[in-house]
There are 2 protein chains.
Amino acid sequence: MSADVIEPEAADQVARDSLSERIYAQLRLELMMGMYEPGARLNIRGIAATSDISPTPVREAVMQLVREGALELKLGHQARVPVLSVREYIEIRETRAPLERLASELAAVHITKDEIASLRDLHRRFVEAEREGRWKDALAVNQAFHFLIYRCSQNATLVRVIENLWLLIGPFINHQYPLVQRAHIELHPHLLVIDALERQSPSEAGELIVRDLREGSYLILSHLEDEKSKKRRGRKSRSEGAHSLSGKSRTS
Amino acid sequence: MSADVIEPEAADQVARDSLSERIYAQLRLELMMGMYEPGARLNIRGIAATSDISPTPVREAVMQLVREGALELKLGHQARVPVLSVREYIEIRETRAPLERLASELAAVHITKDEIASLRDLHRRFVEAEREGRWKDALAVNQAFHFLIYRCSQNATLVRVIENLWLLIGPFINHQYPLVQRAHIELHPHLLVIDALERQSPSEAGELIVRDLREGSYLILSHLEDEKSKKRRGRKSRSEGAHSLSGKSRTS
DNA sequence: ATCTGAGTTTTGATATATCAAAAATGTAGA
DNA sequence: TCTACATTTTTGATATATCAAAACTCAGAT
C-alpha cells in the first residue's frame, strides 16, 4: 500500500481519543479500502483481542457502523458486511448523483488554484495506478480525488452525507473493481470535470461529475451481469471471507 | 399529543429488540419531536436510571446519535443537543434540497391513489393543527407528510439519508417554529405538490417541493434575524433546558 | 454420504465495577 | 460581593462478569 492519499475526515464529532472512536475509524477505513469482503463477518471479541482492548468499545464502534448501514446484523446478531444487491447499489448511486452534482457545483464556485493542481495530481496518480494494475491504490486515489471536490464545496454536511454513501459501496466496489474490464479512454471524465471546475462553471462541473459516476457504475454493473450468467452454469464458491483485523495490534 | 402520525421507519437494520435499539429509537423520536431543546445536555446515567437499565446500552444509543450529528460531544465528553448556527442550518437545507427534489420526482412516478389521498389528509390535519396553534402536532404531521413522499420514492437509501437530515434540524425547528409568524396563505405549497404528484409530473413535483422547503426556511431564518437584533439590546436568558426523559419508564 | 439433534463452545447483550476527567460545591481571601 | 482554589461529587470510558441465544461439533440414524 503505497498511498499517502488524503484521509477521509468523516470520523468527526466524536471524542477524538476514545478507544471506540479509534476502532470506528479503523474499521471504517478498512471497509472503504476493501479489507473486508461483502459477506465477511465481524467478531466483536476477536477485534477486541486483536486490538488488546475490551469488547465494549468495539461493540460500540461496530454498532455505529451498523446504524450507518456500513454493516448489517445477521438475524439481529452478528455483524457482517452487507452483500449489496444490484438494486441497492443503484439506489445508492441515484442518491449520490444529485449530491455529487451539488458538491461539484459548489466546488466550481469555491475552488482554488492549489486545489485544481491537487486534483490534476490525484488524477495523474489514479491513471498511473490503474495502468500498473494497482487496483487498491487506484480506488484509493480515485476516492481522494472525489473527496477533495466534496470538500471544496465548503458544505460540511454535504461532505459527510456523500462520504457516508461511499462507505456503503466501499466493500462492494473494492470487490468488483479489480475484475472490471476498463476501456482505456484517452479523455477521462475526470479531466473534463477538472476543466469545468477550473472554468468555474457549476452546471458543467455538476453534469460531468454525474456522468463520471454513471459511467463507472455501468462498468461495474455490466461486469456483474456477465458474472451472473457465468454462475448460472456452474455454481461454485460462496463469497465468504473472515478476515481478521490488520495486524497493527500489540499497541502497548 | 393527539397524533397517530406515521412513525419514522428510520431505526432499521439494528436488532429490533435490544435495549440500545429501544433507547436509540426513543431518543431519536424525542429529538425529532422537540422534547430536547438545542443546548440541552444528556446524562447517560440519568437516562439509564429513568429507563431502569444499565448505562451501557444508553451510551451506545447516545454515541450513535453523536455519530449521526444529532448530538454533539461537549469537550469530547458530555453529549448535548447541538445549537445550530444559521450557516449550519442553511448547509443542511441545501443538502436536503436536491434529495427532496429527487424523492419527489421518483414519488411522482410511483405514487398511488391511496397515497395521494393520505397526503391530502395529512395536509388537512396540518392546516388544522396550525390554525389551532397546536405547533408540535403541526410539525409532526408536516413531517409525516414529507416522509410519506420520501417513501413513495421507493428508494430506501434516499429515505434514510433525508430522514437523517431531518433529525439534525429537529430540535432547532421545534424550538423556532412556535415563534414564527406565518402568513396564512390560501394556496399552500403542499397542495401544489400534491397536484403535481397526482399529475405524475416529476419535474413539477421536484420544483415545488424545493420551493416549499425554501419558503419554510425563510420564515425561520427571518424570524431568527429579528430575535438576534432583539438580543442585541438586552441579553437575558441562555437557552439551556435539562429535560429528563419522558416518564414512560417503569417498564417491568 | 447426508441429515438430524444433543451437547459444547462461542458470541452478543447487558449489568456492574473501576478509574480518571470534569463538574459542582464550598470556603477563604481580595 | 466576587474570585480563586481545594474538595467532593458526578459522569463518561473502559474492563470485566454473567447469561442467554446462536453457532458449531460430532455421533447416530437414514
Side-chain angles (χ1 to χ4, degrees), chain A residues 11 13-27 36 39-67 70-82 238 240-245 249-252, chain B residues 11 13-27 36 39-67 70-82 238 240-245 249-252:
Chain A
Q13 222 92 354
V14 177
R16 209 129 325 275
D17 54 343
S18 76
L19 290 182
S20 57
E21 171 64 24
R22 251 200 17 224
I23 297 296
Y24 172 86
Q26 175 183 331
L27 288 176
Y36 290 91
R41 297 188 287 182
L42 281 85
N43 181 317
I44 291 176
R45 279 171 150 92
I47 296 171
T50 305
S51 302
D52 262 316
I53 63 177
S54 85
T56 309
V58 175
R59 177 183 150 86
E60 191 172 294
V62 167
M63 294 309 284
Q64 284 176 22
L65 290 164
V66 170
R67 176 69 60 194
L71 298 174
E72 68 185 6
L73 289 186
K74 186 184 174 189
L75 307 180
H77 277 284
Q78 194 166 29
R80 67 172 172 197
V81 179
R238 323 196 97 265
E240 192 59 54
H243 284 269
S244 68
L245 278 198
S249 71
R250 194 166 299 104
T251 313
S252 56
Chain B
Q13 221 93 355
V14 178
R16 207 132 328 274
D17 54 342
S18 76
L19 290 182
S20 56
E21 171 63 24
R22 252 198 18 223
I23 297 296
Y24 172 86
Q26 174 183 332
L27 288 175
Y36 291 90
R41 294 186 289 182
L42 282 85
N43 182 318
I44 291 176
R45 279 169 149 94
I47 295 171
T50 305
S51 303
D52 262 318
I53 63 176
S54 84
T56 310
V58 175
R59 178 186 149 84
E60 191 173 293
V62 166
M63 294 310 282
Q64 284 176 23
L65 289 163
V66 170
R67 177 69 60 194
L71 298 174
E72 66 183 11
L73 290 185
K74 185 184 174 188
L75 307 179
H77 277 284
Q78 194 166 28
R80 67 172 172 194
V81 180
R238 322 194 98 266
E240 192 59 53
H243 285 268
S244 70
L245 276 200
S249 72
R250 196 167 296 107
T251 313
S252 57

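Below, chains carry the letters A, B, ... as their sequence lines are ordered, and counting in each starts from 1. Quantities reported herein were computed from a predicted structural model and do not represent experimental measurements. As a basis for the values below, the full set of heavy atoms in this structure was taken, side chains included, without hydrogen atoms, waters or symmetry mates.
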Between [Y] and [X], is there a side-chain heavy-atom distance shorter than 4.5 Å?
X     : Y     : value
A/E21 : A/E60 : no
B/L27 : B/I47 : yes
B/K74 : B/R41 : yes
B/V62 : B/I23 : no
A/L73 : A/M63 : yes

If you only use heavy atoms from C-beta on, which nucleotide in [options] is closest to the side chain of [X]?
X     : options                : answer
A/L19 : C/dA24, C/dT16, D/dT14 : D/dT14
B/R45 : C/dT18, D/dT14, D/dA23 : C/dT18
B/I53 : D/dA15, D/dA23, C/dA15 : C/dA15

Assign each of A/S54 and B/G46 to its nearest nucleotide of DNA chain D by heavy atoms, then name whichever residue's nucleotide is nearer the 5' end.
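Checking each residue's closest nucleotide, the 5'-ward one belongs to B/G46.
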
d([atom1], [X]; [atom2], [N]) in whole Å:
X     : N      : atom1 : atom2 : answer
A/I47 : C/dG12 : CD1   : C1'   : 13 Å
B/K74 : C/dA22 : NZ    : C1'   : 10 Å
B/N43 : D/dT11 : CG    : P     : 4 Å
B/Q78 : C/dA24 : CD    : P     : 8 Å
A/E60 : C/dT14 : CD    : P     : 13 Å
A/D17 : C/dA22 : CG    : C1'   : 13 Å
A/L42 : C/dT10 : CG    : C1'   : 16 Å
A/I23 : D/dA15 : CD1   : C1'   : 14 Å

For the side chain of B/S18 and the base of C/dT14, is some donor closer than 3.5 Å to an acceptor across the two?
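Between C/dT14 and B/S18, which were checked side chain against base, a qualifying N/O pair under 3.5 Å is absent.
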
Determine whether any donor atom in the side chain of A/S20 lies under 3.5 Å from an acceptor atom in the base of D/dT14, or the reverse, and answer yes or no.
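Answer no: no donor N or O sits under 3.5 Å from an acceptor.
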
Would you mind telling me which residue lines up with the more 5' stretch of DNA chain C, A/T56 or A/A79, judged by nearest nucleotide?
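Between the two, 5'-proximity favours A/A79.
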
